[in-house]
Every structure is written in C-alpha cells, then in structure tokens.
Amino acid sequence: MPYIAHDGIETCYAEQGEGPPIVLIHGAEADHGMFDRLVPHLATHWRCIAYDQRDSGGTRNGPAEYQIEQLADDAAGFIAALSLPRAHIFGTSLGSVIAQHLAVRHPQRVDRLVLSSAIRAGQVMADFAPETAARLAILRADPVANAKALAAHFFPGAFLRDHPGLFASLRSPRTPDQAARRAGLLRRRYTLDIGTILNPTLVLVGAEDGLIPPAHSLSIADEIPRAERSVLEGVGHIGSAQAPAVTAQLLASFLGEGGNHT
C-alpha cells in the first residue's frame, strides 16, 4: 500500500476509482479497511481515498500524544500532500469528529461534508449516553472475551447472525501504547463552533445505532447552517459496512454522481 509523508507522519492509504475525490475518515477502533465494503459502490463515480489515522493500520507516527485537532490537521496535510485543492469528506463515528474539526480549521480543503453515525464535536459519550459509555468501558477491558457484546453495539443482532466475523475484521490491531493514545481522544472535552461550517453537510444516521443515539447525531444538523439529514432504517452504527449499497446511493444523491459542487 502507498504512503505519503507529511508533517512528520507517514500516512498509509488505499485508493480506488476515478472522478472527484472523496476522503474517507474511519472510526476510533478501525482503520481504512472499514470502508472496504463501501468503496466498490463509490468507485464508479469518485476517486475514493481511505487512509489510516495515527496509531491505526499501516500509518507510522511517533510516540507523542495528540488530540483531535492534530488529527484534523493531519487530514488537511494529507489532502494537500495528494496535490488536491479540496475533497469531499466522509467521516464516521470518531471520524465524524475529525471531519467537523477539519471543516472548521481547514474549510478550504473541504468540498461537501458527510457526518455518519456522528458525535457532536466537543462532547464525549458520557455526556449523551452515560449508560452505554459505562458499559463499553467494562467490555473494552477485555475486548477478546467480550467481542460478541461489543459487536452488538455496532450492528443489529440479525445482521450479526448473518455476518458473525465482520465486526472483528473491522478492528485495527494496536499495541498497548497505541491503544492508550487512541483512548485518550475519546475522553477530552473541548469547544468547537460547528455553526461556522458553511459546507453543504449531510448527517447520516442508522436508525438502529446501538452506540450513538440517533437523536444525538441528528441534532448536529440543527447547528450547521447547510445541513441535511438522512436516516437508514434497520441499520446500526457502521452503515458503510452493513448497508454499503444504500449508503452509496444516498451519497450519490447528496454529492452528485461524477461532479463537484464547488
């Protein structure tokens, strides 16, 4: 897989398709592979670029701790290093938080913005789903033994029965130090005025999301001036893996097949 060096980081990424670029930003426990089921549905119309964040997949970074702001700056530097003036952005879960920061800090790098299974930038799960946050803290203490219980927060039960190994395949292996740095991202509260995001934005929600309450995600659209909402019925937290074809159809409608909206 190719790497791009920028800002002291070697970012590993996968690329497929031709057309206007769309950069895919993965969730907290994943790497670029979480989009493997979605990309084939998009690649007929877009140049799909999925990359690994710090301490994820094949990306190489040093031992220093970092925050969401740095990951947003990484995304902007990555887009620039690809010699792209801007790109559509699809961020899911933690990736949606990075995407919000990217749109505020580097608006010139963002065309249209898609926030999937989104967390409102500046909040942590304990703020809006305290029982789920407490339960996840227990399960994540032994993710191997608790794999089935963890997976149930990410996918509906019926889907998991038909795809028993999918959740495990979406998780990125990490050393204890890498996992600790990543976990630190989820605990910090900060301030971000997402009302300054002027990019056309789609907030995409799975109606059966067992991790982030759909109402929380949808409320983000109330703060972004040009935001639209779309709900995927019967879909859980990782819609790009559970319902890739339907997700791609919604993206085609929002982004416009084969064309930019700049």
Side-chain angles (χ1 to χ4, degrees), residues 1-17 20-36 39 46-111 113-116 118-119 121-124 140 170-194 196-197 199:
M1 290 181 60
Y3 288 82
I4 281 189
H6 60 98
D7 305 318
I9 302 167
E10 294 182 25
T11 296
C12 180
Y13 67 100
E15 184 174 342
Q16 185 177 337
I22 179 169
V23 172
L24 307 169
I25 308 180
H26 63 74
E29 298 182 355
D31 57 28
H32 78 275
M34 80 174 299
F35 298 113
D36 284 353
V39 165
W46 292 281
R47 177 186 175 188
C48 302
I49 306 163
Y51 73 96
D52 294 334
Q53 300 157 22
R54 299 192 198 195
D55 292 321
S56 305
T59 287
R60 306 182 186 113
N61 55 275
E65 294 184 357
Y66 47 88
Q67 299 297 340
I68 292 290
E69 294 92 337
Q70 284 73 52
L71 294 186
D73 294 346
D74 290 348
F78 174 67
I79 293 169
L82 289 169
S83 298
L84 297 174
R86 59 171 52 193
H88 297 310
I89 303 296
F90 181 101
T92 186
S93 198
L94 177 67
S96 76
V97 181
I98 298 169
Q100 291 167 68
H101 278 270
L102 174 63
V104 170
R105 294 169 68 85
H106 306 277
Q108 75 282 5
R109 294 296 179 193
V110 179
D111 194 340
L113 180 66
V114 181
L115 305 175
S116 177
I119 302 166
Q123 293 188 309
V124 298
R140 283 170 168 160
L170 298 176
R171 303 185 71 194
S172 182
R174 292 184 172 93
T175 67
D177 286 346
Q178 289 177 319
R181 288 192 291 268
R182 296 288 293 178
L185 294 170
L186 307 179
R187 295 193 292 264
R188 182 184 170 214
R189 292 177 175 85
Y190 42 81
T191 300
L192 186 74
D193 184 3
I194 63 174
T196 64
I197 296 175
N199 310 79

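All values reported here derive from a predicted model rather than from experimental measurement.
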**OP:** List for me each residue that meets side-chain contact (heavy atoms from CB on, under 4.5 Å) alongside A80, sequence neighbours excluded, and say none if there are none.
**Re:** R109

Original post:
Between atom CG of L186 and atom CD1 of I119, what is the distance when rounded to the nearest 0.5 Å?
Top reply: 7.0 Å

**OP:** Write down the atom of Y3, the atom of C12, and the distance for their closest heavy-atom approach.
**Re:** CE2-CB, 3.6 Å

Original post:
So which pairs with a foot in residues 4-13 pass side-chain hydrogen bond (donor to acceptor under 3.5 Å, both in side chains), sequence neighbours left out?
Top reply: H6-T11, E10-R60

Original post:
Can you tell if the side chain of I68 reaches within under 4.5 Å of the side chain of L94, non-hydrogen atoms only?
Top reply: yes

**OP:** Just jot down the salt bridge (charged side-chain N to carboxylate O under 4.0 Å, His left out) partners of R189, sequence neighbours excluded, or say none.
**Re:** D127

Original post:
Which residue pairs pass the salt bridge (Lys or Arg N to Asp or Glu O under 4.0 Å) test when at least one of the two sits in residues 172-186, sequence neighbours left out?
Top reply: D55-R181

Original post:
Above 12 or not: heavy atoms from other molecules or residues under 6.0 Å from CD of Q108?
Top reply: yes

Subject >> Heavy-atom side-chain contact between Y51 and I25 under 4.5 Å >> reply: yes

**OP:** Can you tell me which residue pairs pass the side-chain hydrogen bond (donor to acceptor under 3.5 Å, both in side chains) test with a partner in residues 91-100, sequence neighbours excluded?
**Re:** S93-H237

**OP:** Of all the heavy-atom pairs spanning A75 and L102, show the shortest one and how long it is.
**Re:** CB-CD2, 4.1 Å

**OP:** Hey, could you give me the CG/OG distance between L24 and S116, rounded to the nearest 0.5 Å?
**Re:** 10.5 Å

Subject >> Heavy-atom side-chain contact between S56 and H26 under 4.5 Å >> reply: yes

**OP:** List the atom of A103, the atom of L113, and the distance in Å for their closest heavy-atom pair.
**Re:** CB-CD2, 4.0 Å

Original post:
Considering residues at least two apart in sequence or located in another chain, which fulfil the side-chain hydrogen bond (donor to acceptor under 3.5 Å, both in side chains) criterion with H101?
Top reply: none

Subject >> Within residues 20-35 or reaching into it, pairs that qualify as salt bridge (Lys or Arg N to Asp or Glu O under 4.0 Å) - sequence neighbours excluded >> reply: E29-R140, E29-R171

Original post:
Can you name the side-chain hydrogen bond (donor to acceptor under 3.5 Å, both in side chains) partners of Q123, sequence neighbours left out?
Top reply: none

Original post:
Who pairs with R188 by side-chain contact (heavy atoms from CB on, under 4.5 Å), at least two apart in sequence or on another chain?
Top reply: Q67, E69, Y190

**OP:** State the CD1-CD1 distance between I4 and I9, to the nearest 0.5 angstrom.
**Re:** 12.5 Å

Original post:
Do N199 and D111 have side chains that get closer than 4.5 Å, going by heavy atoms?
Top reply: no

**OP:** Taking all heavy atoms of V23 and all of A87, pick out the closest pair and write down the distance.
**Re:** CG2-CB, 3.9 Å

**OP:** Search all heavy atoms of L84 against all heavy atoms of P21 and return the closest pair with its distance.
**Re:** CD1-CB, 3.9 Å

Original post:
Which residue pairs pass the side-chain hydrogen bond (donor to acceptor under 3.5 Å, both in side chains) test when at least one of the two sits in residues 70-80, sequence neighbours left out?
Top reply: R54-D74, D73-R105, D73-H106

Original post:
Does the side-chain contact (heavy atoms from CB on, under 4.5 Å) test come out yes or no for I197 and V104, once each step is laid out?
Top reply: CA-CA 6 Å; I197 296 175; V104 170; 3.7 Å; yes

Original post:
Once the angle between the rings of F90 and F35 is folded into 0 to 90°, is it parallel (under 30°), tilted (30 to 60°) or perpendicular (over 60°)?
Top reply: perpendicular

**OP:** Compare every heavy atom of G91 with every heavy atom of A99, then report the nearest pair and how far apart it is.
**Re:** CB-CA, 4.3 Å

Original post:
To the nearest 0.5 Å, how far apart are OG in S172 and NE2 in H32?
Top reply: 9.5 Å

**OP:** Please tell me if the side chains of L185 and L71 come closer than 4.5 Å, counting only heavy atoms from C-beta onward.
**Re:** yes

